[in-house]
Asker: 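My structure is below; once you've seen it, I'll send some questions.
Letters A, B, ... are given to chains in the order of the sequence lines, protein chains preceding strands, and every chain is numbered from 1. Because the structure is predicted, anything quoted here is derived from the model rather than measured.
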Amino acid sequence: MTALVVAEHNNQELKPVTLNTVTAALGLDQEVHILIAGNACSSVAEEAAKVSGVAKVLLVESSAYENFLAENVATLVSNISGDYDYILAPTTTNGKNVMPRVAALQDVSQISDISAIESSDTFQRPIYAGNCIATVKSNDSKKIITVRNTAFDAASATGGNAEIITLEEINDAGISKFVKEEIAESDRPELTAADVIISGGRGMQNGDNFTILEGIADKLGAAIGASRAAVDSGFVPNDYQVGQTGKIVAPDLYIAVGISGAIQHLAGMKDSKVIVAINKDEDAPIFQVADYGLVADLFEAMPELESKI
Amino acid sequence: MKILVPIKRVVDYNVKVRPKSDESGVDLNNVKMAMNPFCEIAVEEAVRLKESGKAEEIIAVTIGASSSQEQLRTALALGADRAILVETDVEAEPLGISKLLKSIVDKESPDLIILGKQAIDGDNNQTGQMLGALTGFSQATFASEVNLDGDNLSVTREIDGGLQTLDINLPAIVTTDLRLNEPRYASLPNIMKAKSKPLDIIPAADLGVDISPRLETIKVTLPAEREAGVIVETVDELIDKLKNEAKVIS
Ligand SMILES: Cc1cc2nc3c(=O)[nH]c(=O)nc-3n(C[C@H](O)[C@H](O)[C@H](O)COP(=O)(O)OP(=O)(O)OC[C@H]3O[C@@H](n4cnc5c(N)ncnc54)[C@H](O)[C@@H]3O)c2cc1C
């Protein structure tokens, strides 16, 4: 019985979320293999070979896989899936884009975004914006799964010594073409990997005011996030969004500033260890999930917080 | 250009649902139902393409119980030309739904299929991609911008790191993200007009597709409750708590 983890990477380095998915795969009592599909990405395969607990790394390099186009990667994964009982990927935009396509090619019902493993065929997953948890049993012989990274610890990035096998399995459907990517460069930690996150909502009023959060983020080594309202209003880019349809995060400390606490926002952060809410409305629902709430005008409280930490 | 817009009837996004007392599922008794918000965005995008002269016909389709006709009428009121209900009382999974949609695609031969990236009930985020696999069409998921210029479809996607632009061949599948557009409200005259637009009902069984579920719901429960927190009076008190009680800052 073997499990294949479809790695998240950018052709240069392995993304940390892959390590959480490896832990989920190991939790299934499987021999775990990692697939590195990309272009000129052998260094990523070397990194993956060191991940603790991994038995084999499959490396496929082609321009067809460079940008992880769903049509090409799904065909690849489907074509090599014969040897595997489980295929897993992190619930990232890449995982979400590719895995259902693999599942349909294999005539399998995908289990999306699992948050716990109960047995070899039974899993928990949040539904309805995390308002309920469903326990589901899969009756498909092959299981195709995306994994909620906040629910599984990261496997150790070192200590392993897996064999790297190069595959010559090239599929270029030729029906989609990568044009460009606008990736925000930042010195801050990635939202999904940060220990501390400070998020701003509509209460921030505009993009410039996010500088109020930056000073605190600098001092705490925090990532900066946002509510949908703040992104929709153009205060910050889309990759800041936390929530049901944005990123799911669970840092040690989450500070929500000027965020009301709609269920769709809570869906993305309520598993954080410690939640702080700063809001001038004492009835804001965010206070119901906050460990520490401060009813205050953020424009007074945040500069004071920055100067005192 | 013919556009197919698959939509879904779901719980209104403001409703906080609870499990049934026997934990067999989600309690949907007497809760407000609506069109899935991402589907509204899909309908809106199709209507805009038609209004700009780039599409001739919009067909809304849903897989579901008879009650889903309500959401199809909404789609018609928003600008779809006709609607199809593939009627079934089975709560089909995305795999079954995409198989039924594939039958409709075979009948209708649309050039473009626009659908929501996820339904806010199951939060599966699968149907568009699965339909892509079954039809062999190209796909652009999580779209925040769609530009159709003749045969060239350019789509900007919201991805974890920022934005990505793809050019994809027609026929194609696009799944919508929140910022693609702001859906309009249906006007009263359009709601009236929608009543006389064609709505075909096809029993799912007539399509000869196996939609039996592969996943069994063992139970549905509430997530772990967070312990009640405290309200602090001052910034100093907050810092003290974070340092000395929660020990999350130093
Ligand atoms: C299908 C769907 C998916 C969604 N997905 C997401 C998602 O992924 N993530 C997400 O966040 N939302 C999502 N939403 C939107 C969600 O429903 C809310 O609309 C959104 O989270 C509200 O953002 P907000 O809290 O910043 O704004 P508001 O609800 O407007 O709250 C602003 C808060 O700021 C406070 N405030 C204002 N001024 C000050 C001040 N000077 N000092 C202190 N406090 C102040 C106010 O008291 C208020 O509580 C989704 C909605 C739908 C329908």
Asker: Does anything in residues 233-250 of chain B reach chain A? List residues with heavy atoms under 4.5 Å apart, or say none.
Answerer: E233(B), T234(B), V235(B), D236(B), L238(B), I239(B), K241(B), L242(B), E245(B), A246(B), V248(B), I249(B)
Asker: Under the side chain to side chain donor-acceptor pair (under 3.5 Å) definition, can you give me all pairs with a residue in residues 207-217 of chain B, not counting sequence neighbours?
Answerer: D107(A)-R214(B), N139(A)-E216(B), D140(A)-R214(B), D210(B)-S212(B)
Asker: Side chain, backbone, both or neither: which part of K247(A) has an atom under 4.5 Å from a heavy atom of chain B?
Answerer: side chain
Asker: Not counting sequence neighbours, which residues clear side-chain hydrogen bond (donor to acceptor under 3.5 Å, both in side chains) with N11(A)? List them please.
Answerer: none
Asker: What part of F287(A) gets within 4.5 angstrom of chain B, counting heavy atoms only: side chain, backbone, both, or neither?
Answerer: side chain
Asker: For each of E182(B), R179(B), M130(B), E158(B), tally heavy-atom pairs with chain A at distances under 4.5 Å, and name the one with the top tally.
Answerer: R179(B)
Asker: Please flag which part of V276(A) lies under 4.5 Å from any non-hydrogen atom of chain B: side chain, backbone, both or neither.
Answerer: side chain
Asker: Identify which part of R125(A) has an atom lying under 4.5 Å from any heavy atom of chain B, answering side chain, backbone, both or neither.
Answerer: side chain
Asker: Quick check on I263(A) against chain B: is it the side chain, the backbone, both or neither that has a heavy atom closer than 4.5 Å?
Answerer: side chain
Asker: Is there a donor-acceptor pair closer than 3.5 Å between any side-chain N or O of R101(A) and the backbone N or O of Q126(B)?
Answerer: no
Asker: Verify the distance criterion only: is there a donor paired with an acceptor across the side chains of N97(A) and Q139(B) at less than 3.5 Å?
Answerer: yes
Asker: Could you work out, with salt bridge (charged side-chain N to carboxylate O under 4.0 Å, His left out) as the rule, every residue matching E44(B), not counting sequence neighbours?
Answerer: R48(B), R184(B)
Asker: Starting at OG1 of T245(A), measure out to CD of Q118(B) and round the result to the nearest 0.5 Å.
Answerer: 6.5 Å
Asker: What option among T141(B), L134(B), I168(B), D123(B) has the most heavy-atom pairs under 4.5 Å with chain A?
Answerer: D123(B)
